[in-house]
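Inspection log for the structure reproduced underneath, given as structure tokens.
No experiment lies behind these values; they were computed from the predicted model shown.
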Amino acid sequence: AWGVDTDKFNPATRSEALRNTLVDTPAQCLITIAYALEDFYHVETLVESAQFLARRKANAKILIIGDGAERKRLEGLASSLGVKGYVKFLGWVEHEKIHEYIASSDIYVDTFYSDKAGGGIGVAMMEAMSSGLPVVGAGVRGKHAGIIDGRNGHFFKGGNPGDLASKLLLLINSPDKRKSFGEKSRERALAIGDWNKNMAEAEAKYLELAGNR
């Protein structure tokens, strides 16, 4: 069975005190991604999108949770683009604490895309949905089961930072939309991504099949 702990990843774990350590001002929109910083996740697309947000004077901060081989290159990229003030590299966060960081964010981004078949809803994306966040994700077959475009998030063209920025701006500039999208994300996670529920259904199916032998 697949899924996430929807009790742990819950909007109720949002902490304004924690959030205030991550943003410059309380009104700033906190955009978060949580990934191992390896090249195949394309986190550079989010870093590059910051230059477009800066041009539009978006009141936002990008939080990158994770570490890996790409971290130095990504930090250098943020510096060369002049967006270090827009991007915060947090490094690894213990899994026991990451739910607090996710719930204290305003938007979650999933940059992974592939030209090959496969891919879908990542666990981190479902954790963000369960935490009540709108999601902006690269259009990958399978993610459509989680993101319903215009209802709980938006799709962007994978690898296209300008398109990502345009979709982020739709949410940055509309707190009401962030709230309603976030509520729909939570509903979607409870419907398809609740680990306990999925495990119970899988167990029932297994017992049914075993009984028919």
Original post:
Parallel, tilted or perpendicular: which describes the rings of H42 and F112, with under 30° parallel and over 60° perpendicular?
Top reply: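 Plane angle between 30° and 60°, so tilted.
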Original post:
Hey, is the main chain of S15 close enough, under 3.5 Å, to the side chain of S104 for a donor-acceptor pair?
Top reply: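 Checked: pair present.
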Original post:
So, the side chain of N152 versus the backbone of G146: is there a donor-acceptor pair under 3.5 Å, distance only?
Top reply: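 Yes.
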Taking only residues at least two apart or on different chains, which pairs with a member in [range] satisfy salt bridge (charged side-chain N to carboxylate O under 4.0 Å, His left out)?
{"range": "residues 147-167", "value": "D163-K167"}
{"range": "residues 46-66", "value": "D24-K61"}
{"range": "residues 79-103", "value": "K8-E96"}
{"range": "residues 33-47", "value": "E44-R73"}

Any pair counted as ring-ring contact (aromatic ring centres under 6.0 Å, His included), so long as it reaches [range], sequence neighbours left out:
{"range": "residues 52-78", "result": "none"}
{"range": "residues 57-98", "result": "none"}
{"range": "residues 162-185", "result": "H154-F181"}

Subject >> salt bridge (charged side-chain N to carboxylate O under 4.0 Å, His left out) involving R188 - partner list, sequence neighbours excluded >> reply: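 None.
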Could you tell me which residues satisfy side chain to side chain contact (heavy atoms under 4.5 Å, CB included) with [X], sequence neighbours excluded, listed by chain and number?
{"X": "S105", "value": "L30, T32, L133"}
{"X": "T25", "value": "A27, Q28, N59"}
{"X": "E187", "value": "K184"}

Original post:
For T6 and A189, which heavy atoms make the closest approach, and how far apart are they?
Top reply: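 Closest approach of T6 to A189, heavy atoms only: CG2-O, 4.4 Å.
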**OP:** Applying side chain to side chain donor-acceptor pair (under 3.5 Å), name anything that partners S130, two or more places apart in sequence or on another chain.
**Re:**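 In terms of side chain to side chain donor-acceptor pair (under 3.5 Å), with neighbours along the sequence ignored, S130 is linked to R186.
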